[in-house]
Amino acid sequence: MSDHILPNAAPSSGQQPLPALTVALIILALAVGSFGIGTGEFAIMGLLPDVAGTFGVTTAQAGYVISAYALGVVVGAPVIAVIGARYRRRDLLLVLMGVFAAGNLASAAAPGFQSFMLFRFLSGLPHGAYFGVAALVAASMVPVNKRTQAVGKVMLGLTVATLIGTPLATFFGQLLDWQYMFVAVGITGLLTVALIAIFLPRDAAPKGINALTELSALRRKQVWLTLGIAATGFCGMFAVFTYISPIVTDVAGLNVGMVPVFMAIFGGGMIVGNIFGAKLADLSLMRTIGWSLVLYFFVLVSLSLTAHNPVLLGLCCFLIGCSFVVGPALQTRLMDVAGNAQTLAAALNHSAFNVANALGALFGGLSISAGYGYGSMGFVGAATAVVGFGVFLLSAAMERMDREAATACPAE
């Protein structure tokens, strides 16, 4: 397939579309990468007590490795997106996934806690740029009215990771050693490199795109507002998922073997939200984002009120997972408001979600340290959801004002 040229725009732009089978195989290859990233990012959350035991630190201190990974995503996404904007997307994806694989294999061999944190930071560097570039590649191969569904299929690997990869990695990490989880993730990264090399055709290097072009995204207020929705509105999902192990054992009173089950329930919700949310977003993007935040708020409040009941805790975990409906929607929203700075804007979406990841773990830890307990994670998340909804309302209002101003100008 290396003799074909991958279009850099959607078929609706007039370029010759790729065969349906080729598109499916490309999206499969990209989704395997997102599966590996999702497993590596989330499985560690169920293994924090094991990591703490290995390195002789507290579980709360072990939680810092999650923030280290998230910081790597936040730093890596914009830097790599700007530097790599002028390179072929295929080449960039191969390098990013190669670095991700190496970082996870190194994490498995880390001799101490400090080096482990460093390797988790390095593993996070390619995360945002990979998802951003993969989303652009997927969206370029389908009609405009199916962009979000194409992006959703790539991100389906991430949601399947929470349903299958993360629970299995957690189970075998508890049964054997947590290091084996990172070995498996590293091997998945290497598999992704092979699949991309086989299935993704060579694309032309972007023309007229450079670092300054990409940085122009940072001058667009709607880019910042969209990122703000993700960074503030979804801290709660990560607060709950970070401390899911003690919530299940200490609050619901279940044994540690049930932790992977609740992770799988969470993952099932993410898959449902990803599939149906992508379709809803293609019908009405902003309404999908707004209503998701409203429903998400009430579910988080319900979790804190009912976490002691295993059945209701499972239902809340499923519904919190469904809030991932907003992931592909925000990714597409950034494509719409970024102008020519597509790579940076797409990558920053995952920086924003990892800001939410880091803040969720931080705010959750502060709530626990203040004596409110693991059951308070829902209340912590609900408070941040209110902030995210406020940013959403501001974004919608400013867009409406800009549209009205643009309509009024010709009349003057």
Side-chain angles (χ1 to χ4, degrees), residues 32-73 75-76 80 93-131 157-158 160-196 238 241-242 244-245 256-257 259-260 263-264 267 350 354 357-358 361:
V32 170
S34 68
F35 174 83
I37 289 175
T39 302
E41 180 179 17
F42 293 125
I44 185 63
M45 296 176 180
L47 295 170
L48 287 181
D50 303 272
V51 173
T54 298
F55 293 119
V57 298
T58 66
T59 300
Q61 289 173 323
Y64 295 154
V65 302
I66 297 172
S67 296
Y69 181 92
L71 180 61
V73 180
V75 172
I80 295 172
L93 287 169
L94 289 171
V95 171
L96 291 170
M97 192 47 61
V99 172
F100 174 78
N104 279 279
L105 292 173
S107 296
F113 187 64
Q114 287 73 24
S115 61
F116 180 56
M117 285 188 65
L118 174 62
F119 291 140
R120 295 316 299 147
F121 172 80
L122 295 176
S123 298
L125 289 175
H127 177 130
Y130 174 83
F131 273 113
L158 178 65
V160 170
T162 60
L163 176 65
I164 300 175
T166 297
L168 285 179
T170 302
F171 173 76
F172 285 109
Q174 293 171 343
L175 184 66
L176 303 172
D177 283 312
W178 58 265
Q179 289 94 337
Y180 285 107
M181 183 271 289
F182 287 112
V183 172
V185 171
I187 292 173
T188 303
L190 295 176
L191 173 62
T192 304
V193 170
L195 292 174
I196 291 174
F238 293 104
F241 208 51
T242 297
I244 188 64
S245 183
V256 70
V259 173
M263 286 185 162
H350 298 276
N354 275 271
N357 190 348

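Note: hydrogens, waters and symmetry copies are ignored here, and every other heavy atom, side chains too, is used. From a predicted model like this one, the values you see are computed outputs, not experimental measurements.
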Query raised in the report: Do the non-hydrogen side-chain atoms of N104 and R120 ever get within less than 4.5 Å of each other?
Result: yes

Contacts table for residues 176-188: side-chain donor-acceptor under 3.5 angstrom, sequence neighbours left out:
residue, atom, partner, partner atom, Å
W178, NE1, T54, OG1, 2.8
T188, OG1, A184, O, 2.9

**Report entry** Straight-line distance of I196 CD1 to L191 CG, nearest 0.5 Å
**Finding:** 10.0 Å

Query raised in the report: When rounded to the nearest 0.5 angstrom, what is the spacing between OG1 in T242 and CD1 in I66?
Result: 4.5 Å

Report task. Work out which heavy atom in F55 is nearest to a heavy atom in G112; give both atom names and the distance. Result -> CE2-C, 3.4 Å

**Report entry** Non-hydrogen atoms of G103 and S123 that approach each other most closely
**Finding:** C-OG, 3.0 Å

Requested in this report: Identify, with sequence neighbours excluded, every residue that meets ring pair (Phe, Tyr, Trp, His ring centres under 6.0 Å) alongside F241.
Outcome: F42, F266

Query - Close side-chain approach of M263 and V259, heavy atoms under 4.5 Å - result: yes

Query raised in the report: Tell me, do L125 and V99 make a side-chain contact under 4.5 Å, heavy atoms counted?
Result: no

Query raised in the report: Distance from L96 atom CG to I37 atom CD1, nearest 0.5 Å?
Result: 8.5 Å

Query - Residue pairs, two or more places apart or on separate chains, that pass side chain to side chain donor-acceptor pair (under 3.5 Å) and touch residues 41-51 - result: E41-N357

Query raised in the report: Would F100 and Y130 count as a close aromatic pair, with their ring centres under 6.0 Å?
Result: no

Query raised in the report: Does the pair V65 and Y69 meet the rule for a side chain to side chain contact (heavy atoms under 4.5 Å, CB included), with working shown?
Result: CA-CA 6 Å; V65 302; Y69 181 92; over 6 Å; no

Report summary line: Looking only at heavy atoms, the pair that brings G157 and S34 closest together is CA-OG, 3.1 Å

Query - A62 to L48 - nearest heavy-atom pair and separation - result: O-CD2, 3.6 Å

**Report entry** side chain to side chain contact (heavy atoms under 4.5 Å, CB included) evaluation trace for F116 with V51
**Finding:** CA-CA 10 Å; F116 180 56; V51 173; 3.9 Å; yes

**Report entry** pair F119-L105: side-chain heavy atoms closer than 4.5 Å
**Finding:** no

